[in-house]
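Model, not experiment: these values are computed from the prediction.
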Amino acid sequence: MLRTRLLNALRRGTPQYRTMGTLRLQPLGTVRLQHQLLQKRHASGLSTLVRDYGTVAVGTYLTMSFTFFCGCLGSIYFLGVTSEDVKGVFDKLWGFLGYEPSKSSDSDSWFSKLVEKLPEWAKTPQVMDATTNILLALGMTKLFVPVKLAITASIVPSVARFLRARKWIK
């Protein structure tokens, strides 16, 4: 009787039995099957979001990423960050970690070889600064991944409702 009530409650997904890992009253195969069903019920929030909203969730995340990248790049240009500033920060970081910032020509040899292979227009200081700023903005955008995921998860249902109301998606 108790076993039947537990099995029925587990199949219905009653909250008090939902998080139960194993039931010792049942044969091993049944417990394994129910444990797999329990794991499916507690899927990750991100995978559930993608499964429920699909391309809307992916499109919202990509739009959020592009917006953050443009914001980071704009703030870098607004603050006037140059490649010398970035090199100085990395030298300080290496010094803080206990490494001596290298001033020898050996460390610059690989970089000078790389710059020699570039076309003439790419060797100008403007292009070098723009490349540095873009790479720095990409790095800053990567730092905001948890924020982007949280914002995306919170606005995807609203975006999906908006798009469905306009009949842009089914």
Side-chain angles (χ1 to χ4, degrees), residues 13 18-19 21 35-170:
R18 186 177 293 161
T19 58
H35 186 66
Q36 289 171 355
L37 289 173
L38 288 173
Q39 286 177 343
K40 288 180 184 176
R41 283 191 194 139
H42 299 292
S44 164
L46 186 61
S47 64
T48 304
L49 186 73
V50 172
R51 184 185 67 230
D52 291 347
Y53 295 102
T55 56
V56 175
V58 173
T60 304
Y61 179 76
L62 291 176
T63 303
M64 188 74 56
S65 294
F66 181 72
T67 304
F68 269 77
F69 173 74
C70 290
C72 290
L73 189 61
S75 66
I76 288 170
Y77 275 110
F78 178 73
L79 294 174
V81 177
T82 62
S83 58
E84 288 82 23
D85 298 333
V86 174
K87 187 174 185 306
V89 168
F90 276 107
D91 285 343
K92 287 180 185 176
L93 179 67
W94 281 113
F96 177 74
L97 293 175
Y99 295 103
E100 185 67 33
S102 60
K103 308 254 191 270
S104 66
S105 63
D106 293 337
S107 66
D108 292 336
S109 64
W110 68 270
F111 184 71
S112 61
K113 288 179 184 176
L114 179 67
V115 170
E116 287 174 6
K117 294 180 182 179
L118 293 174
E120 289 302 317
W121 61 268
K123 295 179 185 177
T124 62
Q126 294 87 5
V127 173
M128 296 296 261
D129 283 342
T131 304
T132 301
N133 291 342
I134 289 171
L135 292 175
L136 188 60
L138 283 172
M140 287 174 62
T141 304
K142 288 292 183 187
L143 291 175
F144 286 113
V145 166
V147 174
K148 290 188 298 185
L149 286 175
I151 293 173
T152 301
S154 65
I155 67 170
V156 161
S158 301
V159 170
R161 262 185 265 123
F162 176 79
L163 294 175
R164 284 185 188 122
R166 307 280 183 284
K167 306 231 190 252
W168 291 349
I169 62 170
K170 292 183 181 183

Subject >> All pairs passing side-chain hydrogen bond (donor to acceptor under 3.5 Å, both in side chains) where residues 152-164 contributes a residue, at least two apart >> reply: none
[X] [atom1] to [Y] [atom2] distance, which is reported to the nearest 0.5 Å:
X	Y	atom1	atom2	result
N133	I76	CG	CD1	5.5 Å
I134	T141	CD1	OG1	11.5 Å
L163	T60	CG	OG1	7.5 Å

Can you name the side-chain contact (heavy atoms from CB on, under 4.5 Å) partners of [X], sequence neighbours left out?
X	value
I151	M64, F68, V147, I155
V58	L62
P119	W121, A122
A153	L49

**OP:** Among residues two or more places apart or on two chains, list those pairs meeting ring pair (Phe, Tyr, Trp, His ring centres under 6.0 Å) that have a residue in residues 151-170.
**Re:** none
Original post:
Around F66, counting heavy atoms of other residues, nucleotides and ligands shown, do more than 12 lie under 6.0 Å from its CZ?
Top reply: no
Subject >> Residues forming a side-chain hydrogen bond (donor to acceptor under 3.5 Å, both in side chains) with S65, sequence neighbours excluded >> reply: K148
**OP:** Please identify each residue that fulfils salt bridge (Lys or Arg N to Asp or Glu O under 4.0 Å) with K142, with sequence neighbours left out.
**Re:** none
